[in-house]
Amino acid sequence: MHDSLGTLIDCWKEDPSSTYNTWFLWDQRVKNFRSIRRGISQVVQDIRAGTFGNAYRGSSLETIVGSVAEQRQIFKGADHAFLWKPKLRIPDIYENVSNQRAFADLLHTCDQCDCAEDVVAAIQRIDAMGIKGLGPAVANLLYFIHPTLATPFNTAIVNGFNAVTAGRVKLGRWDHYLSMREGLLRLNEQYRLKLSNDLGAIAGLMFDIGSGRYAAPPAAMDAAAAALWQEDLLRVRQESTALQKELSLASESDATHTSVQALLRDLGKALGFDVWIAANDRGRVHGSGLLGDGCLVQLPAIAGGGLESVRLIDVVWLDPQSSLVAAAFEVEHTTSIYSGIVRMLDLALGTPVADKCALFLVAPDNRRDKVAEQLKRPAFSRVSELGIRYLPYSQLELHHTSISRFGSSIKPLLEISQRL
């Protein structure tokens, strides 16, 4: 099985439509870790302050779980386990304050610790309480806190693990989750040169096997079984060709995001600002050069250079004299706006900014209602104080040339954008 599993891993990594390429190597995946972790901290704060409430809808938990569920196919449906089921009265963290606090303690402990033993001990404590409906689906949150210590958990991952190892892991039980985690750690160590310390990689492999995209290597590999299995791998490769159109559309989306960043970069430089491009986007190819060409190579400390979230804001304009932030832009093409808003909050509330600093969400014209809907969530109650503005693509594309030629400040952008 081991040699055949290695063959499968190689095939999986070469498949452009595999979870490895569409999610694990997706540049937005790592970018969202910081924002999701911050959201988890907000859930803990709300529970401990007694402001969490007694409903999932409208809570900070809904906001953060919704953001996790949008992390492409592997986390689709991650919110189902947290939805209030009134007839069953589960999960019992909305009406039982003690259970609610225990849930907060689990999240806080895992956020503060840095070793596997502490994470496992925290899980065992919550398991011992027997809170109805609060099972291993919580591990999807823990993964974004400790991606090298906790593995994601859902039906497809469990099915894939059982198929590969002949295990009998069941959903809904923490002890079974911990057993699967140990097994995945062993497999990950065995194939460490092919996979990653980040357990999202091997979880993604199990997901693709468990969802039926790949067949697990047969336990007994005689010649006939090996031939059939190789036929299955060939079939997947052929199906991948048919899925290239979908991947191409995703690539076009990323290209649009980069093009808008470049537009804002050039506009900022034309207006005399120093420009910062998100740390993880600086090396993107654009035109005949890179997106970060001609921009700051280091974000000044006074502008939040020490905050990872601020360093990941798509585009930042800084006053060249004071090094204070004059304007910041988050480009939200197709993904959730949650992460971008959190980064804006970190900038506005955690760093000194220039007078009349402007914060913009730049998005397609047809996303305005979606943006406005997201901002109504209680978790974003402070956004209204910041004056974040909505800048539609059409207005930016229509006016950027004239603003570059005749503008001398951000005032024209205020004219073509809308207060949210």
Side-chain angles (χ1 to χ4, degrees), residues 1 4-30 32-33 36 65 67-82 135-173 176-192 194-217 229 232-233 235-237 239-240 243 246-247 250:
M1 180 191 73
S4 56
L5 184 57
T7 299
L8 176 57
I9 292 172
D10 290 338
C11 177
W12 177 67
K13 290 174 66 177
E14 293 170 0
D15 177 4
S17 299
S18 68
T19 297
Y20 182 78
N21 285 297
T22 61
W23 173 70
F24 190 73
L25 295 185
W26 179 41
D27 62 344
Q28 296 295 312
R29 183 184 76 93
V30 175
N32 289 330
F33 266 80
I36 291 174
V65 173
S67 183
V68 170
E70 291 174 343
Q71 293 291 297
R72 301 208 164 171
Q73 186 65 29
I74 187 173
F75 286 105
K76 185 178 181 180
D79 55 344
H80 293 171
F82 294 93
V138 177
N140 289 324
L141 301 182
L142 303 186
Y143 167 72
F144 283 93
I145 297 175
H146 281 303
T148 62
L149 302 180
T151 175
F153 186 85
N154 60 28
T155 302
I157 294 172
V158 168
N159 289 343
F161 177 80
N162 286 340
V164 169
T165 65
R168 297 182 179 180
V169 172
K170 296 180 181 178
L171 291 167
R173 291 184 54 175
H176 280 236
Y177 167 78
L178 291 175
S179 173
M180 183 189 77
R181 173 185 169 276
E182 289 296 325
L184 289 178
L185 286 171
R186 286 193 294 271
L187 283 175
N188 200 59
E189 174 62 21
Q190 185 172 354
Y191 294 99
R192 64 187 183 280
K194 295 178 180 290
L195 294 168
S196 167
N197 287 334
D198 185 327
L199 297 176
I202 193 162
L205 175 65
M206 297 302 117
F207 176 84
D208 281 351
I209 294 173
S211 59
R213 180 167 181 75
Y214 289 93
W229 184 63
D232 285 339
L233 290 185
R235 173 184 54 78
V236 172
R237 289 192 179 101
E239 290 175 353
S240 294
L243 289 172
E246 180 180 344
L247 189 63

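Just so you know, these numbers come straight off a predicted model, no measurement behind them.
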A.B. asks: Are Leu187 and Thr165 packed together at the side-chain level, in the sense that at least one heavy-atom pair is separated by less than 4.5 angstrom?
C.D. replies: yes
A.B. asks: Sequence neighbours left out, what passes side-chain hydrogen bond (donor to acceptor under 3.5 Å, both in side chains) with Asn140? Give chain and number order.
C.D. replies: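 If we apply the side-chain hydrogen bond (donor to acceptor under 3.5 Å, both in side chains) test to Asn140, skipping adjacent residues, there are no hits.
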A.B. asks: I need the Tyr214 OH to Leu205 CG distance, nearest 0.5 Å.
C.D. replies: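 Answer for the OH-CG pair, Tyr214 versus Leu205, is 9.0 Å.
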A.B. asks: Indicate whether the side chain of Thr19 and that of Asp208 have a donor and an acceptor atom separated by less than 3.5 Å.
C.D. replies: yes
A.B. asks: Can you tell me how far the OG atom of Ser67 sits from the CG atom of Asp79, to the nearest 0.5 Å?
C.D. replies: 11.5 Å
A.B. asks: Side chains of Met180 and Ile157: closer than 4.5 Å at any heavy-atom pair?
C.D. replies: yes
A.B. asks: Which residues satisfy the salt bridge (charged side-chain N to carboxylate O under 4.0 Å, His left out) test with Glu189, sequence neighbours excluded?
C.D. replies: Arg192
A.B. asks: Which atom names give the shortest non-hydrogen contact between Ala156 and Ser211, and what distance separates them?
C.D. replies: CB-N, 4.0 Å
A.B. asks: If you look at every heavy atom in Ile202 and Leu184, which pair is closest and at what distance?
C.D. replies: CD1-O, 3.6 Å
A.B. asks: Run the side chain to side chain contact (heavy atoms under 4.5 Å, CB included) test on Gln71 and Asn32 for me, step by step, so that the C-alpha distance in whole Å, both residues' side-chain angles and the decisive distance to 0.1 Å come before the verdict.
C.D. replies: CA-CA 9 Å; Gln71 293 291 297; Asn32 289 330; 2.9 Å; yes
A.B. asks: How are the rings of Phe75 and Trp23 set relative to one another: parallel (under 30°), tilted (30 to 60°) or perpendicular (over 60°)?
C.D. replies: perpendicular
A.B. asks: Roughly how far, to the nearest 0.5 Å, is OG of Ser18 from CD1 of Ile9?
C.D. replies: 12.0 Å
A.B. asks: Quick one: list whatever passes side-chain hydrogen bond (donor to acceptor under 3.5 Å, both in side chains) with Tyr143, sequence neighbours left out.
C.D. replies: Arg29, Asp198
A.B. asks: Can you name the closest pair of heavy atoms from Gly172 and Pro136 and give their distance?
C.D. replies: C-CD, 3.6 Å
A.B. asks: Compare every heavy atom of Leu8 with every heavy atom of Pro217, then report the nearest pair and how far apart it is.
C.D. replies: CD-CD2, 4.0 Å
A.B. asks: Just how far is it from atom OG of Ser179 to atom CZ of Arg168, taken to the nearest 0.5 Å?
C.D. replies: 12.0 Å
A.B. asks: Taking all non-hydrogen atoms of both residues, which atom of Ser17 and which atom of Arg213 are closest, and how far apart?
C.D. replies: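 For Ser17 and Arg213, the tightest heavy-atom pair comes out as CB-NH2, 3.6 Å.
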A.B. asks: Can you tell me how far apart CZ (Phe161) and CZ (Arg181) are? Round to the nearest 0.5 Å.
C.D. replies: 12.0 Å
A.B. asks: Could you walk me through whether Tyr20 and Leu25 satisfy the side chain to side chain contact (heavy atoms under 4.5 Å, CB included) test, starting with their C-alpha distance in whole Å, then the side-chain angles of each, then the deciding distance to 0.1 Å, before giving a yes or no?
C.D. replies: CA-CA 6 Å; Tyr20 182 78; Leu25 295 185; 3.6 Å; yes
A.B. asks: Could you pull out all residues at least two apart from Asn197 that satisfy side-chain hydrogen bond (donor to acceptor under 3.5 Å, both in side chains)?
C.D. replies: none
A.B. asks: Considering residues at least two apart in sequence or located in another chain, which fulfil the ring-ring contact (aromatic ring centres under 6.0 Å, His included) criterion with Phe207?
C.D. replies: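 With neighbours one apart ignored, the set is empty.
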A.B. asks: Distance from His176 atom NE2 to Leu178 atom CG, nearest 0.5 Å?
C.D. replies: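 Between atom NE2 of His176 and atom CG of Leu178 there are 10.5 Å.
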A.B. asks: If we only count heavy atoms from C-beta on, is the Val138 to Phe82 side-chain gap below 4.5 Å?
C.D. replies: yes
A.B. asks: Please give me the minimum heavy-atom distance between Phe153 and Ala139, naming the atom from each residue.
C.D. replies: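 Heavy-atom minimum between the residues: CB-CB, 4.2 Å.
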A.B. asks: Can you list every pair that meets side chain to side chain donor-acceptor pair (under 3.5 Å) and has a residue in residues 150-163, with sequence neighbours left out?
C.D. replies: none
